[in-house]
A.B. asks: 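Structure incoming, see below.
One-based numbering, in listed order, for ligands and for the atoms of each.
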Amino acid sequence: MPHTRTLSDRYGRVATDLRVSLTDRCNLRCSYCMPPEGLDWLPDDSVLTDDEVVRLVRIGIELLGIREVRFTGGEPLVRRGLVDIVRRTHEIDPSVETSLTTNALGLARVAGALADAGLDRVNVSLDSIRRDTFHAITRRDRLDDVLAGLAAAREAGLGPVKVNAVLMRGQNDDQAPELLRWAMAEGYQLRFIEQMPLDAQHVWNREEMVTADEILERLESAFELRPAAEPRGSAPAELFTVDGGPATVGVIASVTRPFCGDCDRVRLTADGQVRNCLFAREESDLRTALRAGASDDVIAERWVVAMRGKRAGHGIDDPSFLQPDRPMSAIGG
Ligand code: SAM
């Protein structure tokens, strides 16, 4: 589909990968993400309707060169219209890749419907395959549901199924090799994500986080890792072959090995704000224009302007770094 504009920034990067948050609500309470009691959720009337989400996605694809759409949250599976939103996105342009980032609670029930609707892949977040550790980190005893969701995704052809894990010191940082062994046996691609300063409680601490170097050290105590030959491109994960391959493991080291120079991502929050970076302190409101009857062209132009302000890097290591007001769950991870 020809598009007349691109989502380019002043540093020559072009965003083609759109992350759409469908809700800020979640049914887990991962300790590094939100407090046990949850958060003050976005008011219902500020959350985009299914039609509004699909319209913005269409503008992104048809007018602005978006080639990948990933639905996230909060927990996207708690959004009632999810399957329909996926189907309508697929119908806009079937060559655009669609995926879902999810905790997999309830995925067993809808994996088939999502695949039928045109979803290509899922990324499932899972920090431990031990029931007690899973319960302690997520504050919910739901490991079996996640494992069932993962298996259903694999059966439904939503692959390659990727599993994302965050290691927390003293909680699961001793479990990296066991997670990798399990993922390889199940045929899932495991990636470890460094803990980022995006928690609602603002307790992230650079000294406490488990770094990429430590993750690799723990894995190398049990496996032989070699940098994978395939070019990384704009992928956030640095890939390593495990014991000669073909299995790989990824490390997403946003904090200690930032990859901002190759970023091709842009985010849309559940309440219709464009964020040009996870760590941006500014966002651009598309919802008001949308609800005021703005044309596709006007909305596209606002989106283009929002990208021009994208900073060269997230600046976590800069002494002036300030954590964004929105936590990860309300931005869309
Ligand atoms: N609920 C969905 C899920 O669990 O995948 C989608 C949203 S969740 C915010 C997306 C990812 O962000 C999960 O893999 C989660 O572990 C990760 N995450 C949340 N807070 C984080 C933090 N402070 N640092 C690093 N990753 C974080």
Side-chain angles (χ1 to χ4, degrees), residues 19-35 38-39 41-42 69-79 82 99-107 110 114 121-128 133-134 136-140 142-143 145-147 149-150 153 158 161-169 171-173 179 183 188-206 208-212 215 236-237 250-258 265 267-270 275 278-279 314 316 321 323-333:
R19 309 279 163 114
V20 181
S21 174
L22 293 178
T23 176
D24 59 331
R25 294 172 191 247
C26 192
N27 38 17
L28 294 182
R29 292 287 180 272
C30 301
S31 54
Y32 51 80
C33 191
M34 61 170 82
L39 297 167
W41 310 121
L42 292 170
V69 179
R70 168 180 300 278
F71 296 104
T72 180
E75 175 44 51
L77 287 174
V78 306
R79 172 114 183 191
L82 175 66
S99 57
L100 188 70
T101 298
T102 174
N103 62 26
L105 295 187
L107 184 57
V110 288
L114 285 168
R121 294 190 298 103
V122 293
N123 284 8
V124 171
S125 306
L126 177 61
D127 302 330
S128 173
T133 311
F134 179 92
I137 292 179
T138 64
R139 304 186 178 106
R140 300 285 187 272
R142 304 288 299 273
L143 176 63
D145 299 81
V146 177
L147 297 179
L150 271 163
L158 294 172
V161 174
K162 295 182 184 170
V163 172
N164 294 334
V166 177
L167 290 185
M168 300 289 291
R169 199 173 298 286
Q171 295 194 61
N172 63 342
D173 59 330
L179 261 173
Y188 306 139
Q189 288 184 10
L190 181 65
R191 292 119 46 98
F192 291 95
I193 309 179
E194 278 182 344
Q195 190 197 357
M196 296 179 274
L198 287 169
D199 55 313
Q201 310 92 305
H202 290 229
V203 296
W204 178 87
N205 176 331
R206 175 78 193 238
E208 271 298 301
M209 63 164 281
V210 181
T211 63
I215 295 167
V251 178
I252 302 179
S254 313
V255 179
T256 64
R257 303 178 185 182
R265 287 171 285 286
R267 294 182 147 79
L268 180 67
T269 66
R275 295 181 61 91
L278 257 183
F279 297 94
H314 57 46
I316 292 176
F321 175 76
Q323 188 170 333
D325 294 332
R326 273 187 200 254
M328 178 74 120
S329 54
I331 296 172

A.B. asks: What distance separates Glu194 CD from Ile215 CD1, expressed to the nearest 0.5 Å?
C.D. replies: 5.5 Å
A.B. asks: Applying side-chain contact (heavy atoms from CB on, under 4.5 Å) between Leu126 and each of Thr138, Leu147, Asn103, report the one that passes.
C.D. replies: Leu147
A.B. asks: Any N/O of Asp127 closer than 3.5 Å to an N/O of ligand 1?
C.D. replies: no
A.B. asks: Could you identify the single nearest non-hydrogen protein atom to atom 23 (N) of ligand 1 and state the distance to 0.1 Å?
C.D. replies: Met196 O, 2.9 Å
A.B. asks: I want to check something: taking the side chain as every heavy atom from C-beta on, are Phe71 and Leu114 in contact at a cut-off of under 4.5 Å?
C.D. replies: no
A.B. asks: Suppose I only count heavy atoms of Ser125 and a 4.0 Å limit; which atoms of ligand 1 are within that range?
C.D. replies: 3 (C), 4 (O), 5 (O), 13 (C), 14 (O)
A.B. asks: Looking at Arg275 and Pro324, what are the two nearest heavy atoms and their distance?
C.D. replies: NH2-CB, 3.7 Å
A.B. asks: Locate the shortest heavy-atom distance separating Gly332 from Arg267; write the atom from each residue and the value.
C.D. replies: O-NE, 3.0 Å
A.B. asks: Between CG of Leu100 and CG of Leu158, what distance do you get to the nearest 0.5 Å?
C.D. replies: 8.5 Å
A.B. asks: Any non-hydrogen atom of Cys30 lying under 4.0 Å from ligand 1?
C.D. replies: no
A.B. asks: With a cut-off of 4.0 Å, which atoms of ligand 1 are near a heavy atom of Asn103?
C.D. replies: 2 (C), 3 (C), 4 (O), 5 (O)
A.B. asks: Give the contacting part of Thr102 toward ligand 1: side chain, backbone, both or neither, where contact means a heavy-atom distance below 4.0 Å.
C.D. replies: backbone
A.B. asks: Quick one: look up the protein heavy atom nearest atom 9 (C) of ligand 1 and list residue, atom name and how far away it is.
C.D. replies: Met328 CG, 3.3 Å
A.B. asks: Would a 4.5 Å heavy-atom cut-off, applied to side chains only, mark Asn123 and Arg191 as touching?
C.D. replies: yes
A.B. asks: Can you check whether Val255 reaches Met196 side chain to side chain, under 4.5 Å on heavy atoms?
C.D. replies: yes
A.B. asks: Any nitrogen or oxygen of Gln195, side chain or backbone, less than 3.5 Å from one on ligand 1?
C.D. replies: no
A.B. asks: Taking 4.0 angstrom as the limit and counting only heavy atoms of Glu194, give me the atoms of ligand 1 inside it, by number and element.
C.D. replies: 25 (C)
A.B. asks: Show me which atoms of ligand 1 lie under 4.0 Å from any heavy atom of Gly74.
C.D. replies: 1 (N), 2 (C), 6 (C), 7 (C)
A.B. asks: I need the atoms of ligand 1 closer than 4.0 Å to a non-hydrogen atom of Val166, numbered in the order shown.
C.D. replies: 16 (O), 26 (N)
A.B. asks: Please report the interatomic distance SG(Cys26) to CE(Met34), rounded to the nearest 0.5 Å.
C.D. replies: 5.0 Å
A.B. asks: Measure the distance from atom 21 (C) of ligand 1 to every protein heavy atom, then report the residue, atom name and distance (to 0.1 Å) of the closest one.
C.D. replies: Tyr32 CD1, 3.6 Å
A.B. asks: Going by heavy atoms, is Ala165 under 4.0 Å from ligand 1?
C.D. replies: no
A.B. asks: Please could you name the atoms of ligand 1 that Thr72 approaches to less than 4.0 Å, counting only its heavy atoms?
C.D. replies: 6 (C), 7 (C)
